[in-house]
Amino acid sequence: MDSTRVTEHPTSHERRQPGAGRPPAPADPRGALLRTPEQPSALPGAAALPVQARTGDAPNGPGTTAPCGKHGANGGQASAGTDMSPSSGSASGPGTSVPTPPPTSPGSEHSQPSAAEPDPHRPRPAPEAIPVQPAKEQDRPSGSPAGKDRRTGQGLPPGGPMPMRRDGDRLRFVGAATRRIARGIDLDEIVMGLCRATVPTFSDAILVYLRDPLPVGDERPTGPVVLRLRRTDRIPEERDTDGGFMPALQPEPSEMQAMTAELCEVRPGGALAEVLRGVRPVFADAPAARAALPELLGDDLAVPSGQRAILAPLRGRRRVIGAALFLRRPDRLAFEADDLLVAAQLATHSALGIDKAVLYGREAYIADELQRTMLPETLPRPTGVRLASRYLPAAETARVGGDWYDAIPLPGSRVALVVGDVMGHSMTSAAIMGQLRTTAQTLAGLDLPPQEVLHHLDEQAQRLGTDRMATCLYAVYDPVSHRITIANAGHPPPVLLHLGGRAEVLRVPPGAPIGVGGVDFEAVELDAPAGATLLLYTDGLVESRLRDVWTGIEQLRERLAATAQLTGPDHPPPLEALCDDVLDMLGPGDRDDDIALLAARFDGIAPSDVAYWFLEPEDAAPGRARRLARRALSRWGMEDMTDSVELLVSEVVTNAVRYASRPVTLRLLRTDVLRCEVGDDVPQLPRLRQARATDEGGRGLYLVNKLARRWGATRLSTGKVVWFELNRG
């Protein structure tokens with residue numbers, strides 16, 4: 001038989017002809033051109049689809065070929081040894097030709113090669129729904145006749161996005177879109193990432209609906225399922241007009257957002273509920289979607305007909321949390337079957353990202369609430385001192401930490417100033433900080449010396465765990481004596497800014513951190529002149545990767561001195577502005593830790609505004625207390641308050657001398673209010689009660705509660721102090 005002769009059989013298996021060259025590389029990366037149900041015949045100028053023989057067909061002899069006839073309709077493929085040149089359409093060898101295959105019809109894709117001669121280079125058959133993979137020259141809009149699509153014959157817009165006709169196109173789009181969606185952290189970023197990734201590459205418009213409220217974690221929502229329109233997006237109008245891109249949808253997405261109800265209640269057993277329960281995306285012309293879309297969008301809004309809309313449920317880890325509607329314009333190519341897979345991927349990644357964002361938002365809310373409740377909401381306004389504070393977290397993504405500050409009013413118009421730093425800046429550190437802060441408030445209420453407070457804090461830290469360590473500085477300011485007592489537990493020393501502009505770092509014993517155990521703490525008493533400002537801070541303000549702690553303290557001292565020079569030697573800088581200026585010294589790389597800052601401006605109480613007496617615990621003490629109070633009010637020019645002050649002083653002193661065994665103290669302080677303090681050596685605190693008509697006593701505190709602006713009682717180590725305040729004039 002001549003090697004150039006072609007013999008035709010009803011079924012055949014093509015073999016490499018002697019002397020034929022190697023076949024060209026296949027157009028598809030997987031090794032073969034792929035068949036699509038939408039293409040009944042081969043593309044013009046492209047190679048014919050090769051025949052793939054069925055199992056059991058008799059193999060042909062060497063050098064024989066067969067046209068794509070009966071079995072070519074099954075999507076058969078040629079042997080790897082056959083030369084199928086797209087330019088000539090003929091097999092290798094002189095005078096050899098292959099007739100053009102007839103139009104194919106849908107059939108089985110399970111044809112197998114002949115067992116007589118296996119071919120290792122046989123390409124795999126393509127899935128039914130994968131579109132034709134055109135060559136590079138065919139994929140360009142300029143290569144198609146008159147700028148038309150090769151499959152549908154529709155015109156392609158100049159400058160518009162090309163339809164995704166390759167498997168690789170869809171895979172690249174899904175990869176880029178999911179990466180963009182995954183970059184979002186909060187809910188709005190993820191929804192925006194979905195919209196920006198799909199418009200206009202995949203669709204011309206998108207509507208995203210989410211459940212309201214969104215379920216968090218494993219919690220089961222109560223009540224009906226309600227969807228809220230979260231976001232819409234569309235192709236910008238300038239692309240519709242300037243480039244002649246495409247006519248707009250009727251109505252436009254902006255009008256759709258206005259016409260669509262913001263809330264949609266999903267009826268149990270309704271069409272929309274069935275689509276959401278099915279999870280898989282569906283075309284708008286599907287029977288389930290035709291009934292579900294009016295329920296979602298409303299009856300007044302028309303949806304593009306045919307396969308120009310895809311409704312994709314958004315299912316998170318536990319349940320459906322929303323839906324996305326992808327829309328294409330009437331003049332653009334309709335969605336294909338493979339686009340349902342793309343929509344499913346986008347919906348899955350978006351739903352999981354939304355679940356992640358909701359959980360992250362809940363954790364951030366819990367962390368913020370924990371930090372907010374651990375720190376004082378507002379600072380008190382004690383007599384003789386003004387306060388200001390700042391707190392900065394280590395980062396926006398880690399808003400909790402172990403730094404804290406506090407100001408606690410004490411008996412005798414004193415105030416305790418506290419700043420501390422628990423190791424680490426996590427939720428665990430914040431929880432430990434809350435326990436230590438509560439313990440410090442309790443110890444301050446007992447009016448213990450600063451060194452004793454730190455000692456009990458050290459014991460409490462050891463009870464919390466062996467690795468619970470913290471630094472703390474505890475100071476008590478007395479506005480009457482203009483003195484301050486400070487005890488330190490491994491904390492950076494405070495800085496005192498004097499009225500003249502001189503800033504000095506106070507020399508206080510460093511001490512060991514809280515939690516070490518077995519360490520004695522020392523306290524020092526220093527002058528606190530009127531007009532001076534004490535700055536307490538944590539190490540995050542002065543220590544970072546770029547500088548050590550002592551360099552930072554020196555920079556802080558210089559910054560305070562420079563700020564004080566701006567206001568002059570006779571006027572201290574405003575507290576709020578001073579705190580802001582101190583934080584401005586931080587550079588971009590200086591935020592390694594959270595920062596707590598507490599500033600106290602010492603105003604003090606002048607000796608002329610203080611009246612102090614000792615009273616013997618005898619029956620004549622209340623009368624003497626009334627006379628002393630009357631003289632002090634006359635000296636201060638406050639005679640109009642004499643009657644009220646005499647009555648209340650008499651009641652409180654009477655209760656004190658009834659049980660006291662040592663002299664009772666009486667002190668009047670004139671500030672913005674008039675404050676009266678009565679101290680005795682009895683630790684039991686008085687209790688307000690309603691006296692009966694037959695009782696001879698029990699009405700003293702009732703009168704104090706009715707007439708005074710504020711009142712209270714504080715237990716001391718030597719007894720207690722009962723105080724009340726009255727508004728002046």
Side-chain angles (χ1 to χ4, degrees), residues 170-199 201-203 206-223 225-233 262-264 266 275-281 296 310-326 340-372 393-401 424-431 594:
R170 289 187 173 91
L171 290 176
R172 284 190 293 270
F173 166 72
V174 170
T178 52
R179 285 193 299 270
R180 186 165 191 171
I181 294 170
R183 282 198 298 265
I185 295 179
D186 59 15
L187 183 61
D188 292 333
E189 289 179 350
I190 294 174
V191 175
M192 182 182 295
L194 171 63
C195 295
R196 297 291 172 83
T198 55
V199 178
T201 308
F202 182 70
S203 63
I206 183 174
L207 289 82
V208 181
Y209 291 82
L210 296 179
R211 292 184 66 162
D212 186 32
L214 278 168
V216 180
D218 296 333
E219 68 179 20
R220 290 189 170 273
T222 59
V225 177
V226 177
L227 298 182
R228 178 184 292 274
L229 181 61
R230 184 78 184 192
R231 183 179 175 87
T232 64
D233 210 346
E262 185 181 1
L263 295 177
C264 167
V266 181
V275 173
L276 296 179
R277 188 179 296 112
V279 177
R280 295 182 178 179
L296 178 66
I310 295 178
L311 179 59
L314 303 177
R315 178 175 178 81
R317 294 174 176 83
R318 300 289 181 180
R319 58 187 65 84
V320 174
I321 59 175
L325 182 62
F326 304 94
L340 291 178
L341 302 177
V342 175
Q345 287 291 323
L346 297 177
T348 299
H349 282 272
S350 300
L352 294 178
I354 291 171
D355 259 1
K356 173 193 67 176
V358 172
L359 289 173
Y360 174 79
R362 173 62 64 88
E363 291 182 359
Y365 170 78
I366 294 174
D368 286 344
E369 285 295 304
L370 176 64
Q371 187 68 47
R372 186 185 62 82
E396 289 297 323
T397 56
R399 299 188 60 87
V400 294
H425 44 82
S426 62
M427 294 184 66
T428 303
S429 301
D594 44 343

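This chain uses plain numbering: 1 for the first residue, then up along the sequence.
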Taking all atoms of both residues into account, what is the closest heavy-atom pair of L311 and A323, and its distance?
CD1-CB, 4.2 Å
Compare every heavy atom of L352 with every heavy atom of R317, then report the nearest pair and how far apart it is.
NH1-O, 3.6 Å
Enclosure of R280 CZ (heavy-atom neighbours >12, cutoff 6.0 Å)
no
Do side-chain atoms of T201 reach the backbone of T198 as a donor and acceptor pair under 3.5 angstrom?
no
How are the rings of F173 and F202 set to each other: parallel, tilted or perpendicular (split at 30° and 60°)?
parallel
Locate the shortest heavy-atom distance separating G316 from D355; write the atom from each residue and the value.
CA-OD2, 3.3 Å
I181 side, atom CD1; Q345 side, atom CD - distance, nearest 0.5 Å:
10.0 Å
Show your reasoning for whether side chain to side chain contact (heavy atoms under 4.5 Å, CB included) applies to V275 and L296.
CA-CA 11 Å; V275 173; L296 178 66; over 6 Å; no
Side chain to side chain, L210 and R228, heavy atoms closer than 4.5 Å
no
Please assess R211 against L227 for the test side chain to side chain contact (heavy atoms under 4.5 Å, CB included), listing each intermediate value before the final yes or no.
CA-CA 4 Å; R211 292 184 66 162; L227 298 182; 3.8 Å; yes
Value rounded to 0.5 Å, distance of CG in D186 from CD1 in I354:
11.0 Å
Where A343 and A312 come nearest, the two heavy atoms and their spacing
O-CB, 4.3 Å
Heavy-atom pair of closest approach, residues A430 and L370
CB-CD2, 3.9 Å
How long is the span from the CZ atom in R183 to the CE atom in M192, to the nearest 0.5 Å?
12.5 Å
I'd like to check I185 versus K356 (side-chain heavy atoms, cut-off strictly below 4.5 Å). Are they in contact?
no
For residues S350 and L194, report the shortest heavy-atom separation together with the two atoms involved.
OG-CD1, 3.4 Å
T348 side chain to A344 main-chain N or O, any donor-acceptor pair under 3.5 Å?
yes
Going through the checks in order, is the side chain to side chain contact (heavy atoms under 4.5 Å, CB included) test met by R315 and L276?
CA-CA 8 Å; R315 178 175 178 81; L276 296 179; over 6 Å; no
Quick check: do L341 and R170 have side-chain heavy atoms less than 4.5 Å from each other?
no
Contact between V320 and R277 at the side-chain level, heavy atoms closer than 4.5 Å - yes or no?
no
